[in-house]
Amino acid sequence: MKELLGVIDASENHIQLKEITKNRSIAAVPIGSRYRIIDFALSNMVNSGIQDVGIITQNHYNSLLTHLGPGKDWDLNRKRGGLFIFPPYGGSDSQGWYRGSVDALHSIMRFIRRSEQEYVLVSGTYMVFSFTYHDVLKYHIDNEADITILYKEKKGMTPDEFKQNTLIKVNDCGRVVDMEINPSLPRFNNIYMNTFIIGKDLLDYLLDECQSRGESDFVKDILLRKLSSLKIYGYKFNGYLACINSINAYYRYNMDLLNSDIREELFIKSGPVHTRVMDVVPAMYSENACVKNCIVADGCIIDGNVENSILFRGVKIYKGAKIKNSIIMQDSEVHENAILENVILDKEVIIRRSKNLIGQEIYPVVISKGAVI
Amino acid sequence: MKELLGVIDASENHIQLKEITKNRSIAAVPIGSRYRIIDFALSNMVNSGIQDVGIITQNHYNSLLTHLGPGKDWDLNRKRGGLFIFPPYGGSDSQGWYRGSVDALHSIMRFIRRSEQEYVLVSGTYMVFSFTYHDVLKYHIDNEADITILYKEKKGMTPDEFKQNTLIKVNDCGRVVDMEINPSLPRFNNIYMNTFIIGKDLLDYLLDECQSRGESDFVKDILLRKLSSLKIYGYKFNGYLACINSINAYYRYNMDLLNSDIREELFIKSGPVHTRVMDVVPAMYSENACVKNCIVADGCIIDGNVENSILFRGVKIYKGAKIKNSIIMQDSEVHENAILENVILDKEVIIRRSKNLIGQEIYPVVISKGAVI
Amino acid sequence: MSKKECIAMLLAGGQGNRLGLLTKNLAKPAVPFGGKYRIIDFTLSNCTNSGIDTVGVLTQYRPLKLNSYIGNGQPWDLDRLDGGVYVLPPYMKGKVGEWYKGTANAISQNIEFIEQFNPKYILVLSGDHIYKMDYSKMIEYHREKHADATIAVIETKLEDANRFGIMNTDKDNRIYEFEEKPKNPKSNKASMGIYVFNWNTLKNYLIADDKNAKSEHDFGKNIIPQMLSNGMVIYAYKFKGYWKDVGTLQSLYQSNMDLLEFPPIFDLYDPTWKIYGRNQGLPPHYIAPSADVKRAIVSEGSSIYGTVRHSIISTGVFIDKSSIIKNSIIMPYARIGKNTLIEDSIIAEKVTIGNNCTIGRRPDGKARQIELTLIGENAKIPDSTVVEKGMEIDSVMLQDIYDLYQNDAKEAKAL
Amino acid sequence: MSKKECIAMLLAGGQGNRLGLLTKNLAKPAVPFGGKYRIIDFTLSNCTNSGIDTVGVLTQYRPLKLNSYIGNGQPWDLDRLDGGVYVLPPYMKGKVGEWYKGTANAISQNIEFIEQFNPKYILVLSGDHIYKMDYSKMIEYHREKHADATIAVIETKLEDANRFGIMNTDKDNRIYEFEEKPKNPKSNKASMGIYVFNWNTLKNYLIADDKNAKSEHDFGKNIIPQMLSNGMVIYAYKFKGYWKDVGTLQSLYQSNMDLLEFPPIFDLYDPTWKIYGRNQGLPPHYIAPSADVKRAIVSEGSSIYGTVRHSIISTGVFIDKSSIIKNSIIMPYARIGKNTLIEDSIIAEKVTIGNNCTIGRRPDGKARQIELTLIGENAKIPDSTVVEKGMEIDSVMLQDIYDLYQNDAKEAKAL
């Protein structure tokens, strides 16, 4: 896909997951035992054969920078092209914090203009799915579209998720004919996936026009306004979509990964999900381990009981500990006879002997990074 | 040199070279046909076998980031350790722009503390020299010194250079007994080279103490004050030193490179000076070329006359052009019959046919990047 | 290229006959180990962790997978600008080429390669040992002793000493005699096959040895004895810690099982001495509600629906419901069907085992030395197959068995 | 490993006899070219620039320097996680090993390597051609034509066609006949030795060819004619642009000299098609006040105090005062003394030439075909030596000459 430049807008600081996003952006939030949320958006591009990817970051970008490094693990540390990370204030075009997606994109317009590609694929990170974009680009070109946006039918999603999203109406030809932004009671059937393809020159023109009017939101100030004047097409995505825009959604979608079909679709079908390689040993199960329905990363040492849970790298579960319906992030430890249920432990948390933490499925308890309880 | 952590403080924005530092830090200023000033400080560390290097940057760090990339060209793109670049606001410890060297170092103290090394070598960039630090570290340890600073006898240097520098007095045992900062008429004989070795824990303590008193300058607020309470030793450097703290010094020291002995010392004796590899073809001399006493980088095409000059990569000199005593940076072009004398052209300058630019040796004409004249 | 203090030469040429079918299509150092590693990972990681950034891997037997596995050396941080890892096969000089004739000859044929780096010391390593060792300390010892050569030794039980090359040393650990598998060992210091040499000294011995038609061109049998008889200064460097030569199926199996001991005999969890390997980019492993996993190592990308006891489950393995894996090593990407029992077995890479099979069942009530069963790479074992204890089976044999069966069937019909 | 659309196999095995002493210690693709390159840089850069990220380099002759030069592939951006560049020597399978017997056999011995990547197409390249070509366009053409094989051809003068493998095609460029060096060529389409094959098809032909004891196992002589006779669809892909087989000393010299043409016949200055090579990290070159350099290519790290005319000066070369270099190639790190004349010569790597020498002087007033003089790698030419036109000299010969001289002197004394 030499024609497609990838851009990931990871400056989405309107998405907050309680303590989990206190010191990291949503893009850097750990998910699925060994990944970060951005791994999906980035791997989708790499698996589509996209060779140049720019990532726009905003506040708390440190953990994201550490995670991405020079892009080796995505094979994007190339001599020409590869991975470009834009910290705020980085581009000489930028004038401070981004008010919205238009500011964010505009700040890297020089990078986009200089690229060799004709089209730009822009994606966010908090919509998690695995997909390759060959067909979308073909669809875009065949339709002679100005913009092609990805959408999925909303069925199966909860009202919570609509509130922070855009719903669209698509006619029989695939043209997007109407949109509603963050509705409480949506009239339309399709959720916009924060991902679109656009010609480089058109993007340049639209961003400039929008900025010159003092506006800053790509969906509200560009897509919605231009529905009739531009040919905006919708590409229907039929796969699995996780929209991680709240702590509940985060919890629920992690638990989804215990379903083998969903794992198959996310991790295998569209190619591997690349992530930072940590060189950790395989997981070790002791004589006392009792593990049921869990996904477990390398480096775990399990001497206790774990059920319906997600264990990240290097987690230690001591003898007699009982863990149920929980997410335990990297290097956390649950000591002897502690009981956890419906809990999210951030990284490097220590739960001392015989402590209990019980949350509810619709209100999981969240423990901040490094806490000792 | 597994015991030594390298830190380059490239936040030196008190050093300004007219238009040349308008959009780049002094560390990123081009020098010697194919280098940037920071290449020397960084290569010194790499050639000393230092494996982890942190670089502190401040404003205009974009060209520096592009130049360094992930550190491949210095073999510092390692799995563990290697090159760490700290943009301002990058560390969660930092609270804004650095007031001075203490702020700069303090902002990366977490990085320093976490390192495996026992000692830290801190260096600036605008003092250009080629050296390896094995003997300095041995000297530091043998003396049981608290801090060891590098100095060179001032003879041969001009009064201009003292004004922005520190001069020191060293006793027979090598102890630094007095210092004077930016003197107009110096009483001491030795110039401090902005480079020192210190124990990691001591550095931590001193920075914290200094910051807690609201002070910010490492030389004035730490070195000078602690002359008696700490064992501060001077290590005498006997090699070639270029102190690039003004446009005149910049011009003069570039011209120094036409001296073969100086080139031998800078580029060969202490190991190669690594820089960004650009994959440019060798230089091409036409039938009409007449070149005398010049250093010329790859990628130049020379069809005219050049004397006593420094040509950077990709420079084009057309037929009949006459260039003398000048520095022509990357991708600049001098068209037919133009005449340049005592001129510094920044990158991508175009001098049209038959234009003349004549400066003076002590006042070279400087043309900004991208200018067309 | 700049001068290097020390470069390592890793002998990875052996065919590894004693690993049976495992090395039929695979160089020994590329054999999987410990769930997600290959044998060579340990030596390469030791090099990186010891600060040795230039490693020549000498290989002539089926190096393809090894070559691809090593690739650009990035997983071991050996993708260096100046140095890094090089796979060194035999090559033609002028009109003739010759294969490596012994460990010493393999180094000797690569004198030119080594000279490029102009090293002071050379570290000779084997590609089939499992251990963690800081070579920089051994080199430091070698330097301090002003030795011409230093040999790493491990203290064995005296009764085992007759299976090793034994170093007889003076009080200062200087070696005065070397005995290959002595009947009456005078010492328990066994050579680990790890040598440091002053390169200039070794080079001369290699050149001389090459001209000696009677020599087997082997370090232990020829070079070291020759150096000793010339009065060269050779020291023994005592190594303490876990070390295992995994040159036989039995020792490979045992060394894998050692990883399951708790507290560990051989600890891979030390963050200051990571073992690096090529990562496959697989998702985390999944333990199903029907699974029962105890005393096991389980690697990324596997899915377990059955029972696992005291076993190593490698990357990408699938174990279906109601199956039982006991005291076994399941190598990468093997797939085990439903209701199958596997005991005391090594199941090689990409093997498929059907439903209702029994592989290597241990006779009831008898506790004696484990007799291993081995299913070779890519073999497809049909449903309801019984593989008896101690057998070694690969896909070609399976075809033979099948043909035989067809023949029998034909003949039966003909009758 | 993931499936690759196309992988490249680069034939770099040849000894390159016709490059004389230049390849005495060096594989042909590692011979320096154009000041800072080596011959193989052009093909590897073409691969990278064409988006082909997996390249096998088949080599068996003195691959050390080539191996070190290629290293981890980083200079050509071929240090990929999955793919990249692999040096592929012959290897042992079971007890036996065999050297590559021909171009086709070299590929055939690496079927297993290729299968790992499961490619749809395979691009077969030579390691000793100088050209810039976008292989992705050729593959696209191959795909559009639904061809089984596609061969790149260049149109030569009809009178030269008898020195090439000539493709006779129909109007659509489909090849119906292949003639090796025909006396009466029917076409001027010469094979460039660049092939695209459907891998599955080629594999079958390779396996069949290997079993044919009469075959020379060569693409041009055996595989292509066999495919044609079986009615396979083979197309010719016309290449326009600079292309030179630098398999002889004369053509290597000429191709270097072509770089000095202005406007360039072969343009290396195109930023969209960079030629990559391993960078030596040398300082810029220096032209002294006493120097006079015209019509020359001068590379990093050299210092010129003398006169250079119509010559290639490579990296790290030193040319002292009052010396004159004319119509010559001075390869990396050569050092030329004072007051020395070099004409129509190739001075190989690391040669040292003393003061007051005359190398390859052209007889006055005679303008005819250039007869080259070659000084081989590492040779040290003493002061005041005269090397006559057309000679090839290396350090070993110099020793012989010296011994001879000593003998003569002794005999003279004895008399």
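Order of the sequence lines sets the chain letters (A, B, ...), proteins ahead of strands, with each chain counted from 1.
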Spacing of [X] atom [atom1] and [Y] atom [atom2] [to the nearest 0.5 Å]:
X      : Y      : atom1 : atom2 : answer
B:N77  : D:D79  : CG    : CG    : 8.5 Å
B:S286 : D:R295 : OG    : CZ    : 9.5 Å
D:H285 : B:R34  : NE2   : CZ    : 12.0 Å
D:R278 : B:D279 : CZ    : CG    : 11.5 Å

Please indicate whether [X] has more than 12 foreign heavy atoms, meaning atoms of other residues, nucleotides or ligands, lying under 6.0 Å from its [atom1].
X      : atom1 : value
B:R78  : CZ    : yes
D:K350 : NZ    : no
D:K338 : NZ    : no
D:K294 : NZ    : yes
B:E361 : CD    : no
D:K321 : NZ    : no

Side chains of [X] and [Y] in contact at under 4.5 Å (non-hydrogen atoms):
X      : Y      : result
D:Y37  : B:V281 : yes
D:Y269 : B:I301 : yes
D:L268 : B:M284 : no

*With only heavy atoms counted, which part of B:S260 is less than 4.5 Å from chain D, the side chain, the backbone, both or neither?*
side chain
_Engaged part of B:Y35 at the chain D interface, taking heavy atoms whose separation is under 4.5 Å_ = side chain
Against chain B, work out which of [options] has the most heavy-atom pairs shorter than 4.5 Å and name it.
options                      : result
D:P284, D:S45, D:G34, D:A291 : D:P284
D:G281, D:A288, D:G35        : D:A288
D:Q74, D:H310, D:K36         : D:K36
D:L282, D:I304, D:L260       : D:L282
D:I313, D:V308, D:V298       : D:V298

*Using non-hydrogen atoms only, which part of D:L259 is less than 4.5 Å away from chain B: side chain, backbone, both, or neither?*
backbone
*Measure D:K274 against the heavy atoms of chain B and call it side chain, backbone, both or neither at under 4.5 Å.*
side chain
*Picking from B:T275, B:I295, B:I268, which has the most non-hydrogen pairs under 4.5 angstrom with chain D?*
B:I295
_Shortest non-hydrogen contact between B:K292 and D:P289, atoms and distance_ = CD-O, 3.0 Å
_I need the minimum non-hydrogen distance between D:I287 and B:V291, along with the two atoms involved._
CG2-O, 3.4 Å
*Would you sort out whether B:N293 and D:Y286 count as a side chain to side chain contact (heavy atoms under 4.5 Å, CB included), showing the intermediate values?*
CA-CA 7 Å; B:N293 200 35; D:Y286 175 63; 2.4 Å; yes
